[in-house]
Structures are given as C-alpha cells and as structure tokens.
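Start at 1 and go down the list; that is how both ligands and their atoms are numbered. Please read these numbers as outputs of a predicted model, since none were measured by experiment.
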Amino acid sequence: MSRLNLAILISGRGSNMDSLLRATTEDAYPAKPVLVLSNKADAPGLDAARAFGIEALAVSHKQYESRESFERAMHEALEAHKIDVIALAGFMRVLTPWFVKRWSGRMINIHPSLLPAYPGLNTHARALEAGDSEAGCTVHWVSEGVDEGDIIGQARVPVKAGDTPDTLAARVLKAEHRLYPEALADACRLIIARQAS
Ligand code: GAR
C-alpha cells in the first residue's frame with residue numbers, strides 16, 4: 001500500500017500533532033510521518049515529536065528578513081525530506097501565496113471553528129459572543145485566502161450554558177483530535193488517487 005511522506009507543521013503545544021502521529025502507527029494509514037517542523041524553537045511539540053521517534057526541526061521565523069525567505073528555508077527542509085503532504089497543526093504563521101502555490105493540493109489545515117464562520121483568531125470567544133448553540137472544527141485544503149480553502153471535514157460540539165472560551169476550546173479540541181486523523185487520511189487517499197490517474 002502506498003503511504004505519503006507527511007510533514008506536520010506546528011507552533012506550540014502540538015496536541016493535534018500527537019493525535020496524527022498516533023493515527024499513523026496503524027499499518028493501513030495512508031501517510032507516514034517524516035518530519036515535524038516548528039517556526040518556534042521552544043515549541044513543546046518538538047520534544048513530543050522526538051519522543052515519538054520523529055525528526056523535529058525548528059525553522060525560527062525570527063531569523064529571516066522576510067516571510068518569503070523564512071518560507072524558502074522551510075520549503076528546502078521539506079524538499080530535502082521528500083515530503084508529499086503537509087498537515088498544519090496549530091501552525092500560527094500566515095503563509096504567503098509563494099508557499100501556498102508550491103504546496104497547492106498537498107497541504108491541509110485544522111481550524112477551531114465551523115468554517116466559513118470565524119476565520120482567524122479568537123474563534124471560541126466570537127462563537128460565545130454571537131450566542132451560537134453549536135461550535136466545532138474544520139479541516140480544509142490550504143488556499144491563498146486565510147481559512148478559506150475547500151472543506152475536507154467538520155466536527156460539531158454543543159455550546160453549554162456557562163461555557164467560557166476555555167471550556168469551549170477544550171471541548172472543541174477533543175473533537176479536533178478525532179477529526180484530524182480521519183480528514184488527513186481522506187486527503188491522502190485523494191492525493192494518491194490523483195497521482196495514480
Ligand atoms: C488548535 O485548536 C488548532 O485548531 C488551532 O490551534 C490549536 C493548536 O493546538 N489552530 C489555529 O487556530 C490555526 N488558525 P495544538 O498545538 O495542541 O494542536
């Protein structure tokens with residue numbers, strides 16, 4: 001069975017990364033993790049990835065003059081590791097059209113809202129302020145517009161009386177951990193089918 005070389009891009013804690021790494025231990029999973037890359041050298045997820053036996057690299061955006069030179073450095077690392085598919089998992093840098101074009105159809109993201117509602121930041125506070133009865137998360141293809149690409153999958157959770165942004169975030173995060181491995185597998189199967197045709 002063909003398995004795509006997977007890179008996971010993070011900026012922090014890496015709990016979604018962890019759920020993806022666990023899923024890839026199944027023989028039938030259509031991707032194998034090759035590299036975890038963070039734009040922050042102190043991201044806790046880097047050590048978690050190493051503990052999992054995966055190469056983990058920091059490419060600190062602060063060391064580059066421009067967004068594009070930072071992205072060129074990431075792109076080189078990804079090419080050097082023969083990456084087929086990228087999963088953004090709490091990667092908190094907006095990517096330029098230069099990078100997005102290079103990875104078009106091969107890069108997906110998880111976002112903590114039911115897109116198209118609440119692209120960008122502070123999704124849970126905005127859902128509570130709006131009085132929504134439901135919240136959730138979305139996995140989508142990455143396109144040039146922030147959080148605008150075609151949707152691969154969504155998971156819904158109820159908003160409960162007395163929720164704060166933190167309690168809602170914790171409920172949504174559990175749903176993220178279930179959704180992302182399934183949605184990444186769907187995306188990989190599509191990429192493999194496309195390569196075969
Ligand atoms: C997750 O909730 C993810 O959806 C969100 O950051 C968190 C990262 O947590 N991503 C975004 O907001 C991207 N716009 P994690 O590091 O524990 O996976």
Discussion item. Suppose I only count heavy atoms of Gly90 and a 4.0 Å limit; which atoms of ligand 1 are within that range?
Written reply: 6 (O), 8 (C), 10 (N)
Response to the item:
Closest to atom 16 (O) of ligand 1 among protein heavy atoms sits Gly14 N, 2.8 Å
Practice prompt. Say whether Met92, considering both its backbone and side-chain N or O atoms, lies within less than 3.5 Å of an N or O atom on ligand 1.
Written response: no
Worksheet, complete the sentence: atom 12 (O) of ligand 1 sits nearest the protein heavy atom Pro112 CD, 3.4 Å
Practice prompt. Answer yes or no for Ile10: is there a heavy-atom contact with ligand 1 below 4.0 Å?
Written response: no
Worksheet item: Is any side-chain heavy atom of Arg102 less than 4.5 Å from a side-chain heavy atom of Phe99?
Response: no
Worksheet item: In terms of side-chain geometry, is the basic nitrogen of Arg50 or Asp47 positioned less than 4.0 Å from the acidic oxygen of its partner?
Response: yes
Response to the item:
Applying side chain to side chain donor-acceptor pair (under 3.5 Å) to Ser113 and not counting sequence neighbours gives His111
Worksheet item: In terms of side-chain geometry, is the basic nitrogen of Arg72 or Glu68 positioned less than 4.0 Å from the acidic oxygen of its partner?
Response: yes
Item to complete: Establish whether Trp98 and Leu9 are linked, either directly or via other cluster members, by ILVMFWY side-chain heavy-atom contacts under 4.5 Å.
Response: yes
Worksheet entry | Closest protein heavy atom (residue, atom, distance) for atom 1 (C) of ligand 1 | Glu176 OE1, 3.2 Å
Practice prompt. For the pair Phe70 and Tyr64, name the ring-plane relationship: parallel under 30°, tilted 30 to 60°, perpendicular over 60°.
Written response: tilted
Worksheet entry | Salt bridge present between Arg13 and Asp18 (N-O < 4.0 angstrom) | no
Worksheet item: Do ligand 1 and Ser15 have nitrogen or oxygen atoms that lie under 3.5 Å from each other?
Response: yes
Discussion item. Considering both backbone and side-chain atoms of Asn16, is one of its nitrogen or oxygen atoms within less than 3.5 Å of a nitrogen or oxygen in ligand 1?
Written reply: yes
Worksheet item: So which heavy atom in the protein is nearest atom 9 (O) of ligand 1, and how far is it from that ligand atom?
Response: Arg13 NH2, 3.1 Å
Response to the item:
The atoms of ligand 1 lying under 4.0 Å from a heavy atom of His111, numbered in the order shown, are 14 (N)
